[in-house]
A.B. asks: 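Sharing a structure here in structure tokens format.
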Amino acid sequence: MQFIDFDKTDAYRLLTEHTLNKFDFRVKLDAERVGRCRIPMAAGLTYSWAAKAVDDKTLKLLQALSDEQELIAKYRALLSGEVMNTGENRRVLHHLLRGGHGQPVIENKRDIGEFYRGELDRLCEFASSVHSGKYKGSTGKPFTTVIQIGIGGSDLGPRALYLALENWAAAEGKKKLTAKFISNVDPDDASAVIASCELEQSLFILVSKSGTTQETLANELFVRDKLITAGLDASKHMIAVTSETSPLAHNTNYLDSFYIDDYVGGRYSSSSAVGGCVLSLAFGPEVFREFLAGAAEADALALQPDINKNAALLDALIGVWERNFQKYPCTAVLPYSQALSRFPAHLQQLDMESNGKRVNRNGVPLSYSTGPVVFGESGTNGQHSFYQLLHQGTDIIPLQFIGFSESQRGDDVTVDGSVSQTKLAANLAAQIAAFAKGQDNADLNKEFHGGRPSSLIFGKRLTPQVLGSLLAHYENKVMFQGFVWNINSFDQEGVQLGKVLTKKVLAGSPADSALEAYSKIFGI
């Protein structure tokens, strides 16, 4: 297995030559293509690339790229526990949290998968004990609210997943506790959340793998102060999710603690206790296990070497085609589901923190583009926000649509001959066609060039298994793109410099005149 830079491959040269052959999908997009250009995903989802500038020759070259860069072999190596995070010399084991699909990963005679399964069982048992009333607040009242304190991967993924299932759980009678989230070190964030709940019936989850995250620890102290001021025993209102080596581990200041390790990166940690505690407490442990099952099914499908049978792999390769050969610098994630309102924000971190790299796995500068800028908003809200630029702006931005034929609650009303869910789906279908085909008009202000490529992931209804499938699809897509570009998708040195300078400012030693001047603006 070789790790070589993308532009050193034969596939790179052939794809560069292939860009001279323009495939006009505006003309080719018809009912036959829509029916043919799709791949089954896990949990009943389907991935469609019909509205992409991809023909049979492109697919053949992308398959050759996958084979030459040994993408499936590298995925298998990751699953088996090889060190794939070269920057930090670590394994990458978030897949192991939901099965792994490989050989057992052993370190110092310890089965890491067994450790992960044990923590899953423990957190599920704890959630059940809270629901049964075994654990109550310090005044004897049952918990009604769970509040997660974390930032970055400790907030974005869990928050997006909770919101994605909140309506489903209400409709299915699965909702146990209401969940809220505190992330920003801005005191207004924590203050507003605490003001919205009954403290004596609130259980807080402190999430920090290192146990040293500045914003999270500041918010913990904010919450502890509020609990103590209210006359409550803070240790009976707080659990921790951390590593076994952190200052928070085995600490009597918490009702219980659940452990992860350095092999699970923050933005990949929603399948661990980071997401599992809040989802299990909010909806029940069986719902979290269903979510993991959907992700595990997607992970298994991602092992398929044929790109025409592997949605995550094909999605990744088309993204590389658009980024490196069609020179599109951005991509938009557009879920036509209010439940996925925060999903684009999670994918923003997942993609941009993973593949926003300018050096290869060995620290050598690259001469080609890597990860795109990712942004998004739920439909139809986005249509009344930034779609103007997407339709008629000077830059072409590839689009990633997600949609479902049924709502989660099933509560709807008929207006003008159709229900709202039908109107939502009609808007989604119309946007795909409008972006692809455009519209001629003598008035150039009303002309749409079309040729704006999009993919579509669609299914019947957003459920826990479907959500797990969706999350794993994007995690694996990002992984495959990192392998193509020969970068390390599993560290995040780009977030460290700001942290270092912040500490200098707070210590009163900025050591830079500009930094000192900016600090003085805020009275520091």
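Here the structure is a predicted model, which is why all the values come from computation and not from measurement.
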A.B. asks: Using side-chain heavy atoms (C-beta onward) and a distance below 4.5 Å, is Tyr336 in contact with Leu456?
C.D. replies: no
A.B. asks: Under the side chain to side chain donor-acceptor pair (under 3.5 Å) rule, collect the residues that match up with Lys209, sequence neighbours excluded.
C.D. replies: none
A.B. asks: Kindly indicate whether the side chain of Asn476, heavy atoms from C-beta on, has any atom under 4.5 Å from the side chain of Tyr75.
C.D. replies: yes
A.B. asks: Hey, could you give me the OG/CD1 distance between Ser154 and Ile149, rounded to the nearest 0.5 Å?
C.D. replies: 11.5 Å
A.B. asks: Under the ring pair (Phe, Tyr, Trp, His ring centres under 6.0 Å) definition, can you give me all pairs with a residue in residues 442-461, not counting sequence neighbours?
C.D. replies: His391-Phe448
A.B. asks: List the steps, then state whether side chain to side chain contact (heavy atoms under 4.5 Å, CB included) holds for Tyr268 with Val478.
C.D. replies: CA-CA 11 Å; Tyr268 297 99; Val478 167; 3.8 Å; yes
A.B. asks: Can you check whether Lys477 reaches Leu350 side chain to side chain, under 4.5 Å on heavy atoms?
C.D. replies: no
A.B. asks: For Leu59 and Leu314, run side chain to side chain contact (heavy atoms under 4.5 Å, CB included): C-alpha distance rounded to whole Å, both residues' side-chain angles, the deciding distance at 0.1 Å, then the answer.
C.D. replies: CA-CA 9 Å; Leu59 289 176; Leu314 180 57; 3.7 Å; yes
A.B. asks: From the options Asn324, Asp5, Asn355, select the one residue that forms a side chain to side chain donor-acceptor pair (under 3.5 Å) with Trp485.
C.D. replies: Asn324
A.B. asks: As an exercise, state the distance from OG of Ser489 to CE of Met84, rounded to the nearest 0.5 Å.
C.D. replies: 9.5 Å
A.B. asks: Could you tell me whether Lys174 and Glu290 have a side-chain N and a carboxylate O separated by less than 4.0 Å?
C.D. replies: no
A.B. asks: Looking at every non-hydrogen atom in both residues, tell me the closest pair between Arg452 and Gly393 and how far apart they are.
C.D. replies: NH2-O, 3.1 Å
A.B. asks: Tell me if a side-chain donor or acceptor on Asn362 pairs with a main-chain N or O of Val364 at a distance below 3.5 Å.
C.D. replies: no
A.B. asks: Give the intermediate values and the outcome of side chain to side chain contact (heavy atoms under 4.5 Å, CB included) for residues Ser271 and His94.
C.D. replies: CA-CA 7 Å; Ser271 300; His94 56 275; 5.9 Å; no
A.B. asks: Would you name the heavy atoms of Asp56 and Arg36 that are closest together and state the gap between them?
C.D. replies: OD1-NH1, 4.1 Å
A.B. asks: Just by modelled atom types, is the Val415 backbone N or O under 3.5 Å from a matching donor or acceptor in the Lys423 side chain?
C.D. replies: yes
A.B. asks: Would you indicate whether Gln439, at its atom CD, is surrounded by more than 12 heavy atoms from other residues, nucleotides or ligands within a distance under 6.0 Å?
C.D. replies: yes
A.B. asks: Relative to each other, are the rings of Phe401 and Tyr387 parallel, tilted or perpendicular (30° and 60° limits)?
C.D. replies: perpendicular
A.B. asks: Quick one, Pro372 and Asp351 - any side-chain contact, counting heavy atoms below 4.5 Å?
C.D. replies: yes
A.B. asks: By side chain to side chain donor-acceptor pair (under 3.5 Å), which residues pair with Asp7, not counting sequence neighbours?
C.D. replies: Ser367
A.B. asks: Do the side-chain N and O atoms of Gln400 and Thr331 include a donor-acceptor pair separated by under 3.5 angstrom?
C.D. replies: yes
A.B. asks: So do Ile307 and Phe480 actually touch side chain to side chain, heavy atoms under 4.5 Å?
C.D. replies: no
A.B. asks: Assess the residue pair Arg323 and Gln481 against the criterion (side chain to side chain donor-acceptor pair (under 3.5 Å)); give the C-alpha distance rounded to whole Å, side-chain angles, the decisive distance to 0.1 Å, and a yes or no.
C.D. replies: CA-CA 11 Å; Arg323 182 73 177 102; Gln481 289 182 332; over 6 Å; no
A.B. asks: Is atom CZ of Arg358 surrounded by more than 12 heavy atoms (other residues, nucleotides or ligands) closer than 6.0 Å?
C.D. replies: no
A.B. asks: Kindly compute the distance separating OG (Ser354) from CD (Gln492), expressed to the nearest 0.5 Å.
C.D. replies: 8.0 Å
A.B. asks: Would you find a donor on one side and an acceptor on the other, under 3.5 Å apart, between the side chain of Asn360 and the backbone of Gly363?
C.D. replies: yes
A.B. asks: Listed by chain and number, what are the side chain to side chain donor-acceptor pair (under 3.5 Å) partners of Gln388, not counting sequence neighbours?
C.D. replies: Gln392
A.B. asks: Could you tell me if Lys74 sits above the aromatic ring of Phe3, with its cationic atom closer than 6.0 Å to the ring centre and no more than 45 degrees from the axis?
C.D. replies: yes
A.B. asks: Does Asp491 reach the main-chain N or O of Glu493 with its side chain, forming a donor-acceptor pair under 3.5 Å?
C.D. replies: no
A.B. asks: When you look at CG of Asp443, are more than 12 heavy atoms from neighbouring residues, nucleotides or ligands closer to it than 6.0 Å?
C.D. replies: yes
A.B. asks: Show the nearest heavy-atom pair for residues Val185 and Glu215, with the distance to one decimal.
C.D. replies: CB-CG, 3.7 Å
A.B. asks: Please walk me through it: do Ser66 and Leu317 pass side chain to side chain contact (heavy atoms under 4.5 Å, CB included)?
C.D. replies: CA-CA 8 Å; Ser66 176; Leu317 292 166; 3.9 Å; yes
A.B. asks: Would you please name every residue forming a side chain to side chain contact (heavy atoms under 4.5 Å, CB included) with Lys22, sequence neighbours left out?
C.D. replies: none
A.B. asks: Within the 4.5 Å heavy-atom criterion, are Phe490 and Met479 side-chain neighbours or not?
C.D. replies: yes
A.B. asks: Side chain to side chain donor-acceptor pair (under 3.5 Å) between Gln431 and Asn427: does it pass, once the steps are laid out?
C.D. replies: CA-CA 6 Å; Gln431 289 296 331; Asn427 270 276; 5.0 Å; no
A.B. asks: Flag yes if more than 12 heavy atoms outside Arg361 fall under 6.0 Å of its CZ atom; otherwise flag no.
C.D. replies: yes
A.B. asks: Could you tell me whether Arg461 and Glu172 make a salt bridge, using a distance below 4.0 angstrom between a side-chain N and a carboxylate O?
C.D. replies: yes
A.B. asks: Which pair of heavy atoms, one from Leu334 and one from Gly376, lies closest together, and at what distance?
C.D. replies: CD2-CA, 4.5 Å
A.B. asks: Tell me whether Glu68 contacts the main-chain N or O of Asp10 through its side chain, where contact means a donor paired with an acceptor under 3.5 Å.
C.D. replies: yes
A.B. asks: CG of Leu347 to CD1 of Ile402: how many Å apart, nearest 0.5 Å?
C.D. replies: 7.0 Å
A.B. asks: State, with a plain yes or no, whether a side-chain heavy atom of Thr19 is found less than 4.5 Å away from one of Trp321.
C.D. replies: yes
A.B. asks: Any donor-acceptor pair under 3.5 Å linking the side-chain atoms of Asp315 with those of Tyr474?
C.D. replies: no
A.B. asks: Would you confirm whether Gln69, through its side chain, and Val484, through its main-chain N or O, come within 3.5 Å as a donor-acceptor pair?
C.D. replies: yes
A.B. asks: Mind checking the CG-CG spacing from Leu467 to Leu165? Nearest 0.5 Å is all I need.
C.D. replies: 5.0 Å
A.B. asks: Of all heavy-atom pairs between Ala339 and Leu462, which one has the smallest distance, and what is that distance?
C.D. replies: CB-CD2, 3.8 Å
A.B. asks: Would you say the side-chain atoms of Asn167 pair up with the backbone N or O of Arg409, donor to acceptor, closer than 3.5 Å?
C.D. replies: no
A.B. asks: Rounded to the nearest 0.5 Å, what separation is found between the OH atom of Tyr328 and the CG atom of Leu399?
C.D. replies: 10.5 Å
A.B. asks: In terms of heavy-atom contacts, does OH of Tyr368 have more than 12 from other residues, nucleotides or ligands at under 6.0 Å?
C.D. replies: yes
A.B. asks: Tell me the closest heavy-atom pair linking Gly276 and Phe288, and the distance in Å.
C.D. replies: CA-CZ, 3.3 Å
A.B. asks: Do Asn310 side-chain atoms and Asp306 backbone N/O form a donor-acceptor pair below 3.5 Å?
C.D. replies: no
A.B. asks: Do Pro335 and Pro344 make a side-chain contact, defined as non-hydrogen atoms from C-beta onward lying under 4.5 Å apart?
C.D. replies: yes
A.B. asks: Excluding sequence neighbours, so at least two apart, what forms ring-ring contact (aromatic ring centres under 6.0 Å, His included) with Tyr12?
C.D. replies: Phe6, Phe325
A.B. asks: Using atom types as modelled and distance alone, determine if a side-chain donor or acceptor of Ser407 lies under 3.5 Å from a backbone N or O of Gly410.
C.D. replies: yes
A.B. asks: Quick check: does any side chain N or O of Lys175 sit under 3.5 Å from a backbone N or O of Phe283, one acting as donor and the other as acceptor?
C.D. replies: no
